[in-house]
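Okay, so here's the structure we're looking at.
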Amino acid sequence: MRSGTFGSFSKRRNSPQQYQLHTFNVSPQPSPKPTSDDPLNPNREENFSLLHNFNSPAHNVPIFNDSVSDSRLSFDDFPSIDPIAPSHPSMSAVRSININEPVSYRKSYPTNIVKNNKYNLFTFLPKVLYEQFKYFLNLYFLLVALSQFIPKLKIGYTITYVGPLIFVLLVTMLQEFYDDYLRRIRDQKANSQCYQIFRPEFNSDFKPLPSYKILVGDIIQFNKNDRIPADILLLKTSEEGGSCFVRTDQLDGETDWKHKNAVSVTQSLPTDYELLSIAGQVNVELPHKDIYSFSGNISIQNCIQSSPGNSYLNSISTKTIGIDINNTIWKDSTLASGTAIGFVIYTGKETRAEMNTSLPRNKVGILDSEVNFLTKILFVVTLVISFALVLLDGFRGNWPITMFRFLILFSSIIPIG
């Protein structure tokens with residue numbers, strides 16, 4: 001017999017739409033020892049579940065397009081789908097989110113609270129003082145003011161050295177407090193903005209909820225000029241073709257409107273409320289900062305009605321299609337046209353907008369930097385003059401104290417304001 005590998009298809013009885021491939025090897029040579037990369041090695045670790053989920057007896061619902069099985073609709077029977085990884089490195093691991101899953105069964109993800117304030121009750125004073133005295137200018141005047149509490153170094157009235165420093169610090173603290181207060185007001189306004197959200201617990205209807213209560217897996221309805229509160233997958237729009245336009249100037253600074261498309265398998269549903277009764281799964285890459293890259297897939301299950309002569313009741317048809325950046329709208333974008341319905345895939349600190357936002361920090365202008373540099377030069381000049389005066393005096397008596405008193409006298413050359 002000629003050596004080689006032959007295959008044959010056998011048709012399963014009572015299941016006319018499923019086929020099984022049988023293979024056997026008739027080569028007289030011994031099979032090579034399986035390696036870690038050998039697909040026949042039972043210890044080989046697979047990166048994707050498409051291979052070992054296809055014929056697994058634990059899953060009765062195939063994931064290929066338009067495949068049929070005779071299992072009832074259940075999230076427990078829905079297979080975990082890991083799409084083939086694209087070039088982006090974050091697809092080495094996949095986030096799977098069930099559609100219309102009750103909140104009690106969902107995984108825990110970051111909350112959607114917006115928080116941009118820099119200080120709280122306990123950190124305000126330490127942080128403000130640190131930000132002020134890390135610069136040489138303020139640190140110099142602090143040391144000069146503290147020296148007036150030492151009797152041997154005291155020159156004139158203490159208030160003339162301490163007063164200007166306290167005044168500058170108070171003005172700075174009031175400004176920081178006011179700026180942080182405005183941040184809290186903006187955060188509170190963003191967190192309290194309400195959206196029409198659907199969850200299975202809401203009796204098949206949309207319910208208004210504030211932005212900070214939005215969870216991964218929620219279905220949200222948006223109107224024109226609504227701000228997008230989280231990263232969403234676009235499921236359906238008011239346009240027949242499933243298109244819409246968004247403004248992303250708050251995200252990337254671009255004023256041109258961006259064109260987005262809804263997922264075709266959900267856009268084709270007759271009404272918006274059909275989205276509230278479907279079951280399926282969305283598989284997306286793990287969160288990352290790139291706002292121009294995204295990949296994943298979505299699988300939707302549809303129940304096939306029985307027909308005369310068909311013995312398969314409650315059959316499930318599963319359709320899986322790929323999704324990309326054109327099917328997503330990132331947080332802080334604004335819907336510019338029509339209405340839309342989206343599926344939340346990232347919230348809070350995992351959104352693209354939050355991952356590209358740096359923590360609030362004190363901004364130092366060019367003028368402030370130049371003044372700080374000139375202060376260092378003037379300090380060196382006053383130090384040289386003080387040393388020269390002590391030198392001309394012949395280093396008599398306690399000359400270090402005398403030199404330090406000269407430094408304090410010359411401190412008026414440097415403007416504290």
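In what follows, every heavy atom counts, from backbone to side chain, and hydrogens, waters and symmetry copies are set aside.
Listed for the Asn261 side chain is no donor-acceptor partner under 3.5 Å among the backbone atoms of Asn327. Using modelled atom types, one side-chain atom of Trp330 and one backbone atom of Ile291 make a donor-acceptor pair closer than 3.5 Å. Distance alone, capped at 3.5 Å, is enough to place a donor-acceptor pair between the Asn100 side chain and the Ile278 backbone. Listed for the Tyr140 side chain is no donor-acceptor partner under 3.5 Å among the backbone atoms of Ile414. At least one donor-acceptor pair under 3.5 Å links the side chain of Gln267 to the backbone N or O of Glu239. No donor-acceptor pair closer than 3.5 Å links the side chain of Gln281 to the backbone N or O of Ile99. The main-chain N or O of Ala340 is never found under 3.5 Å from a side-chain atom of Thr237 such that the two would form a donor-acceptor pair. For the pair Gln148 (side chain) and Ile155 (backbone), a donor-acceptor distance under 3.5 Å is present. A donor-acceptor pair under 3.5 Å is absent between the side-chain atoms of Thr266 and the main chain of Ala262, judged by distance alone. Not one N or O on the side chain of Ser333 forms a donor-acceptor pair closer than 3.5 Å with the backbone of Ile329.
Look at Glu101 and Arg199 and you find no salt bridge, because none of the NZ, NE, NH1 or NH2 atoms lies under 4.0 Å from a carboxylate O. A salt bridge links Asp252 and Lys258; the closest N-O separation between the charged side-chain nitrogens and carboxylate oxygens is under 4.0 Å. Using a 4.0 Å cut-off between charged nitrogen and carboxylate oxygen, Lys118 and Glu176 count as a salt-bridge pair. Looking at Glu285 and Arg95, no side-chain N of the basic residue comes within less than 4.0 Å of a carboxylate O on the acidic one, giving no salt bridge. Remark: Asp187 does not engage Arg184 in a salt bridge, criterion side-chain N to carboxylate O under 4.0 Å.
When side chains are defined from C-beta on, Met173 counts as touching Leu125, because their heavy atoms get closer than 4.5 Å. Taking 4.5 Å as the limit, some side-chain heavy atom of Pro229 sits within range of a side-chain heavy atom of Asn112. Under the 4.5 Å side-chain criterion, counting only non-hydrogen atoms from C-beta, Thr328 is not in contact with Ile232. Side-chain contact check for Val128 versus Glu131: every heavy-atom pair is 4.5 Å or farther apart. With contacts defined as side-chain heavy-atom distances shorter than 4.5 Å, the pair Leu234/Phe222 does not qualify. Val103 places a side-chain heavy atom less than 4.5 Å from the side chain of Leu215. No side-chain heavy atom of Lys260 sits less than 4.5 Å from a side-chain heavy atom of Ser243. Between Phe206 and Ile219 the shortest side-chain heavy-atom distance falls below 4.5 Å.
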Step by step, would you call Asp180 with Lys127 a salt bridge (charged side-chain N to carboxylate O under 4.0 Å, His left out)? CA-CA 13 Å; Asp180 204 56; Lys127 282 188 174 181; over 6 Å; no
Evaluate the criterion side-chain contact (heavy atoms from CB on, under 4.5 Å) for residue pair Leu170 and Ile166; output intermediate values, then yes/no. CA-CA 6 Å; Leu170 285 178; Ile166 293 178; 4.0 Å; yes
Go through the steps for Ile214 and Leu209 under the test side-chain contact (heavy atoms from CB on, under 4.5 Å), then give the verdict. CA-CA 8 Å; Ile214 293 176; Leu209 284 180; 5.9 Å; no
What verdict does the side-chain contact (heavy atoms from CB on, under 4.5 Å) test give for Ile150 and Lys154, after you've listed the backbone C-alpha separation in whole Å, the side-chain angles of each residue and the deciding distance to 0.1 Å? CA-CA 6 Å; Ile150 302 176; Lys154 186 175 181 180; over 6 Å; no
Between Phe141 and Leu137, does the side-chain contact (heavy atoms from CB on, under 4.5 Å) criterion hold? Intermediate values first, please. CA-CA 7 Å; Phe141 284 102; Leu137 174 64; 3.5 Å; yes
Would you list the atom pairs, donor with acceptor, under 3.5 Å between side chains in residues 377-384 and any protein atom, with sequence neighbours excluded?
from, atom 1, to, atom 2, distance (Å)
Thr382, OG1, Leu378, O, 3.2
Thr382, OG1, Phe379, O, 2.8

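Once rounded to the nearest 0.5 Å, the distance linking CG of Leu142 with CD of Gln132 reads 11.5 Å. Interatomic distance, His259 NE2 to Cys244 SG, rounded to the nearest 0.5 Å: 7.5 Å. How far CG of Leu251 is from OG1 of Thr334: 10.0 Å, rounded to the nearest 0.5 Å. Note that OG1 of Thr357 is 12.5 Å distant from NZ of Lys349, once rounded to the nearest 0.5 Å. Between atom NZ of residue Lys207 and atom CZ of residue Phe198 there is a gap of 12.5 Å, rounded to the nearest 0.5 Å. In this structure, CE on Met355 lies 8.5 Å from OG1 on Thr351, to the nearest 0.5 angstrom.
The two residues Ile97 and Phe343 have their closest heavy-atom pair at CG2-CZ, 3.5 Å. The two residues Glu350 and Pro287 have their closest heavy-atom pair at O-CB, 3.6 Å. Minimum interatomic distance between Val94 and Val284 (heavy atoms only, all atoms of both residues): CG1-O, 3.4 Å. Taking every heavy atom of both residues into account, Tyr157 and Tyr161 meet most closely at O-CD1, 3.5 Å. Heavy-atom minimum distance, Phe406 versus Ser386: CB-OG, 3.4 Å. Here the closest non-hydrogen pair linking Val265 and Ser268 is O-OG, 3.1 Å.
When only modelled atom types and interatomic distance are considered, Asn120 and Thr123 share a side-chain donor-acceptor pair under 3.5 Å. Between the side chains of Asn283 and Asn297, at least one donor N or O sits under 3.5 Å from an acceptor N or O.
Residue Phe136 places its CZ atom among more than 12 non-hydrogen atoms of other residues, nucleotides or ligands, all under 6.0 Å distant. No more than 12 heavy atoms of other residues, nucleotides or ligands shown are found within 6.0 angstrom of CD on Gln188. Environment of CZ in Phe177: sparse, with no more than 12 heavy atoms of neighbouring residues, nucleotides or ligands closer than 6.0 Å. Surrounding CD of Glu240 are at most 12 heavy atoms belonging to other residues, nucleotides or ligands under 6.0 Å away. Residue-environment remark: NZ (Lys134) exceeds the threshold of 12 foreign heavy atoms within 6.0 Å.
Among Val114, Thr347, Ile113, the one residue that satisfies the side chain to side chain contact (heavy atoms under 4.5 Å, CB included) test with Tyr212 is Ile113.
Applying the ring pair (Phe, Tyr, Trp, His ring centres under 6.0 Å) definition to pairs two or more places apart or across chains, those involving residues 96-130 are Tyr119-Phe124.
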